[in-house]
Amino acid sequence: MDCIFCKIANKEIPSNLVYESENTVAFNDINPAAPVHILVIPKKHIESLNELNDKDLMAELLFSVKEVCKKLNITDYRTVINTGKEAGQEVFHIHLHIISGRPLKWPPG
Ligand code: 5GP
Ligand code: ZN
């Protein structure tokens, strides 16, 4: 399967990994929307939140967000999951965005 995030998770292509747990990895976004922009993904290929049914993996993904922030001393951040094209999802391997390092407006555009 030709999935860029699978290749990052499998370390087939180099990326700036910032954190790894048993079933997740975190790495810097290639096109950061803020000074801190990290993506947390499952190692397993799952297209979107709509296809994620493993509650343990759900918990591990969100826990990984906390672990990344703890490791990098990030206290104020936004966590985003875009699900589906209309909601802005471009890569169809589920990922949790961690965005931080500047004031963030709410609601988003
Ligand atoms: P989405 O729009 O699907 O929620 O977010 C996809 C994110 O993946 C974007 O922020 C984009 O910059 C990032 N991205 C796309 N391709 C790559 C890549 O090859 N490497 C990394 N590190 N990030 C990527
Ligand atoms: Zn994938």
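Counting starts at 1 for both ligands and their atoms, in listed order. Numbers for residues simply follow the sequence, beginning at 1.
- For His93, the N, O or S atom closest to the Zn ion (ligand 2) goes by the atom name ND1.
- Using a 4.0 Å cutoff on heavy atoms, Ser15 does not count as a contact of ligand 1.
- Using a non-hydrogen distance threshold of 4.0 Å, Asn16 does not register as a contact of ligand 1.
- Considering only heavy atoms from C-beta on, Lys43 stays 4.5 Å or farther from Asn10 through its side chain.
- Listed here is the closest heavy atom pair of Asn82 and Ala87: OD1-O, 3.3 Å.
- Heavy atoms from other residues, nucleotides or ligands lying under 6.0 Å from CD of Glu12 number more than 12.
- Note: angle at the Zn ion (ligand 2), from SG of Cys3 to SG of Cys6, is 120° (rounded to 10 degrees).
- At least one side-chain heavy atom of Thr24 sits under 4.5 Å from a side-chain heavy atom of Tyr19.
- At least one N or O atom of Asp29, backbone or side chain, sits closer than 3.5 Å to an N or O atom of ligand 1.
- Some N or O of Gly88 is nearer than 3.5 Å to an N or O of ligand 1, by distance alone.
- The backbone of Asn28, and not its side chain, has at least one atom closer than 4.0 Å to an atom of ligand 1 (non-hydrogen atoms only; backbone = N, CA, C, O).
- Atoms of ligand 1 lying under 4.0 Å from at least one heavy atom of Glu90, given by number and element, are 1 (P), 2 (O), 3 (O).
- Restricting His45 to its N, O or S atoms, the one at the least distance from the Zn ion (ligand 2) is ND1.
- Using cut-offs of 30° and 60° on the angle between ring planes, the pair His97 and His37 is tilted.
- Ligand 1 lies within reach of Phe5, whose nearest heavy atom is under 4.0 Å from it.
- Counting Ile, Leu, Val, Met, Phe, Trp and Tyr side chains that sit under 4.5 Å apart, directly or through other members, Ile4 shares a hydrophobic cluster with Phe5, Ile8, Ile13, Leu17, Val25, Phe27, Leu39, Ile41, Val91.
- Below 3.5 Å of separation, one finds an N or O of Ile30 facing an N or O of ligand 1.
- At most 12 non-hydrogen atoms from other residues, nucleotides or ligands lie less than 6.0 angstrom from CG of Asp76.
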